[in-house]
Each structure stands twice: as structure tokens, then as C-alpha cells.
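Remember, predicted model here, so these are calculated numbers, not experimental data.
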Amino acid sequence: MPDAIRYLVDNGTKWRAVPADYPPWDRVYAFFPRRRNHDLVREFHDRPLRLVRERAGRASGPGVGGIDLQSVKADAVVGSDSRGFDGGKLINGRRRHVVVDTLGLLLAVMVTAADVGDRAAAQVLLTQVTAAHHLPALVWADGGYTGSLVEFCLAALALVLAIVKHSDDMRGFVVLPKRWIVERFFAHLMRSRRLVRDFERSIASAEAMVYWSMTMLMTRRVARPRPSRA
């Protein structure tokens, strides 16, 4: 069953197009919401997360993170109650608000309509991450998260929200320190064809697909043989 879902997320097929080598598509389709509704997808994701961090020489729990969002177009099956219009990027769809660690691994994701503000979503997401991971003392963010959110994080979460901005003398494309980690994470997501657009009817399913995508990435890293030391 997990292999069938991994195939669907990686290749972007329809549920009915799951190959015959796997269990019947309707059983796989029924397996997916059961795992999602009992929060087992998140648990299945967090186990290799700790392992990958330890194998990289890091503590099992993150101490520093980064927050950002990605706007994606929504398919026709996405209802008007969970989609919106992002005026900045001219996208009609949803937003994926994420927090990642310094290795670019996912700590939490929250999917909203594309017209939900950065700060409003970040306030809820950072509260969830702090409770789940006892995180972090520092989180990097871009200029869209300035304002009252900085004071909220410091007062309510004992968390420093560090804003990484472009300097006035920058011209053209410049890689910002620490901000590239989140951008690389979004690049990893785009390698999962199911996530190129948002095809999920429910927000819970959209979030689960992101966790499945990152679980695939981490299990590949865990299975990768360690380099031999002389």
C-alpha cells in the first residue's frame, strides 16, 4: 500500500491509473484517508526525519529553521471554499506554508487558500511546530513576515524570527544567505509530479501529499550507502 501511494505521488497518476502490480486502486484509495485521518502520515514522516538528521551529525530535534510559502495552481476539483487568488503571483489556487530545518527537511506544512496572508498562516504554523518539535530558538524568514509577527514569536513562542532581506545595492539574481535552503525544498517538491499542481479535494489530503513526497526523499537518503572511511 505505501509503495502504491509513493508511486502515485512520484509520477502524478490518477488513483484509477495505479499499475496492476499494486493492490486494486480502490483499496489504495481507502488506505490513504485512514492513514491521513489518524495522523499516521505525519508519524511515518517524522521517524526517518530523526534518523536522517542523526546520520548527518545533527541532533534529532532541530534548533534552527526557515519558513516560506509556495503558491500553486489548483485543479478544477478544488472547491471555491479552499482556493483563492494570489494577486502577487497571479495564481488561482492554494498556498503551501512550510517550516524546514537547516538540512532542508520538512518540519511542518499547512495548506491554505492562496489569498490567506503570510503572517496569519505563519502565526498558526509556527505555534504548531513549536509544540511538536520544541523548536527552535531561531527561524529565518523573508521580508513578507515582518511586522507584528516578529513580536508575537518573541513574546508567545520565545522564538526569534530573523528577517533576511535584499540589500539596497543588490542587482539581478542574488542567492540570499539561509533563504536558499527553503527554495531548495520547494525544488524537491516539484520533482513529485503530483505536487506540480494541487489536485486534492481536501486540504488534509494536500498536506498529506507533501509529507509523502518528503518521506520518499528521506527514505532514499537512509537507504543510500554510507561512504567508506579510510
*Report the C-alpha separation of Met209 and Leu8 in whole Å, then their side-chain angles, then the decisive distance to 0.1 Å, and conclude whether the side chain to side chain contact (heavy atoms under 4.5 Å, CB included) test is met.*
CA-CA 10 Å; Met209 288 296 180; Leu8 181 138; 3.8 Å; yes

*Determine whether Met1 and Arg27 make a side-chain contact, defined as any pair of heavy atoms from C-beta on separated by less than 4.5 Å.*
yes

*Straight-line distance of Leu51 CG to Asp46 CG, nearest 0.5 Å*: 12.5 Å

Side-chain donor/acceptor pairs under 3.5 Å, residues 86-104, sequence neighbours excluded:
residue : atom : partner : partner atom : Å
Asp86   : OD1  : Gly88   : N            : 3.0
Asp86   : OD1  : Lys89   : N            : 3.4
Asp86   : OD1  : Arg95   : NH2          : 3.3
Asp86   : OD2  : Ser71   : OG           : 2.6
Asp86   : OD2  : Arg95   : NH2          : 3.3
Asn92   : OD1  : Arg83   : NE           : 3.2
Arg94   : NE   : Ser82   : O            : 3.1
Arg94   : NH1  : Asp198  : OD1          : 3.0
Arg94   : NH1  : Asp198  : OD2          : 3.3
Arg94   : NH1  : Glu200  : O            : 2.9
Arg94   : NH2  : Ser82   : OG           : 2.7
Arg94   : NH2  : Glu200  : O            : 3.4
Arg94   : NH2  : Arg201  : O            : 3.2
Arg95   : NE   : Ser71   : OG           : 3.4
Arg95   : NE   : Ala114  : O            : 3.2
Arg95   : NH1  : Val116  : O            : 2.7
Arg95   : NH1  : Asp118  : OD1          : 3.0
Arg96   : NH1  : Gln70   : OE1          : 3.1
Arg96   : NH1  : Leu195  : O            : 3.0
Arg96   : NH2  : Leu195  : O            : 2.9
His97   : NE2  : Thr112  : OG1          : 2.9
Asp101  : OD1  : Leu103  : N            : 3.0
Asp101  : OD1  : Gly104  : N            : 3.1
Asp101  : OD1  : Leu105  : N            : 2.8
Asp101  : OD2  : Arg53   : NH1          : 2.8
Thr102  : OG1  : Arg58   : NH1          : 2.8

*Return yes if some donor-acceptor pair links the side-chain N/O of Arg55 with the main-chain N/O of Val222 below 3.5 Å, else return no.*
yes

_Distance check, rounded to the nearest 0.5 Å: Glu207 atom CD versus Arg42 atom CZ?_
9.5 Å

*Is there side-chain contact between Cys153 and Leu126, with heavy atoms separated by less than 4.5 Å?*
yes

*Could you grab the distance from atom CZ of Arg191 to atom CG of Asp10, nearest 0.5 Å is fine?*
8.5 Å

*Validation row: Phe199, Lys14 side chains within 4.5 angstrom (heavy atoms)*: no

*I would like to know whether Val72 and Phe186 meet side chain to side chain contact (heavy atoms under 4.5 Å, CB included); could you show each step before the answer?*
CA-CA 11 Å; Val72 291; Phe186 289 133; over 6 Å; no

*asked:* Filter on ring pair (Phe, Tyr, Trp, His ring centres under 6.0 Å), then keep only pairs touching residues 44-82, sequence neighbours left out; what's left?
replied: Phe44-Trp212, His45-Tyr211

*Are the side chain of Thr127 and the backbone N or O of Gln123 linked by a donor-acceptor pair below 3.5 Å?*
yes

*Is the backbone of Tyr7 close enough, under 3.5 Å, to the side chain of Asn11 for a donor and an acceptor to pair up by distance?*
yes

*Tell me, please, which residues at least two apart from Thr215 pass side-chain hydrogen bond (donor to acceptor under 3.5 Å, both in side chains).*
none

*So, for Val41 and Ala208, which heavy atoms are closest and what is the spacing to 0.1 Å?*
CG1-O, 3.9 Å

*With a 4.5 Å heavy-atom cut-off, do Phe152 and Leu149 have their side chains touching?*
yes

*What heavy-atom pair brings Arg179 and Ala141 nearest, and what distance separates the two atoms?*
NH1-CA, 3.8 Å

*Between Ala121 and Met110, which heavy-atom pair has the shortest distance, and what is it?*
O-CE, 3.1 Å

*Sub-4.5 Å side-chain heavy-atom contact between Arg6 and Val9*: no

*CZ/Phe185 to CG/Leu106 distance, rounded to the nearest 0.5 angstrom?*
4.5 Å

*Cluster check Val124, Leu69: I/L/V/M/F/W/Y, side chain < 4.5 angstrom*: yes

*asked:* Within this structure, what is the CG-CD distance for the pair Leu161 and Glu151, rounded to the nearest 0.5 Å?
replied: 9.5 Å

_Phe31 vs Ile5, test: side chain to side chain contact (heavy atoms under 4.5 Å, CB included). Steps then yes/no._
CA-CA 9 Å; Phe31 173 85; Ile5 296 176; 3.5 Å; yes

*asked:* Does Ser148 form a side chain to side chain donor-acceptor pair (under 3.5 Å) with Arg119? I'd like the steps, not just the answer.
replied: CA-CA 8 Å; Ser148 59; Arg119 301 178 187 89; 5.8 Å; no

_Hydrophobic clusters here meaning ILVMFWY residues chained together by side-chain heavy-atom distances under 4.5 Å, can you tell me if Val64 and Val164 are in one?_
yes

*Assess whether atom CZ of Arg197 is packed by more than 12 heavy atoms of other residues, nucleotides or ligands within 6.0 Å.*
yes

_Minimum heavy-atom distance Ala4-Val18, with the two atoms named_ = CB-CG1, 4.3 Å

*Is any side-chain heavy atom of Trp140 less than 4.5 Å from a side-chain heavy atom of Asp68?*
no

*Would Val109 end up clustered with Ile181 when hydrophobic side chains under 4.5 Å apart are linked, directly or stepwise?*
yes

*Worked verdict on Leu154 versus Val160 for side chain to side chain contact (heavy atoms under 4.5 Å, CB included)*: CA-CA 6 Å; Leu154 192 59; Val160 176; 4.3 Å; yes

*Find out if a path of hydrophobic residues (ILVMFWY) with successive side-chain heavy-atom gaps under 4.5 Å connects Val111 to Val78.*
no

*Same apolar cluster (I L V M F W Y, side chains within < 4.5 Å links), Ile203/Phe85*: no

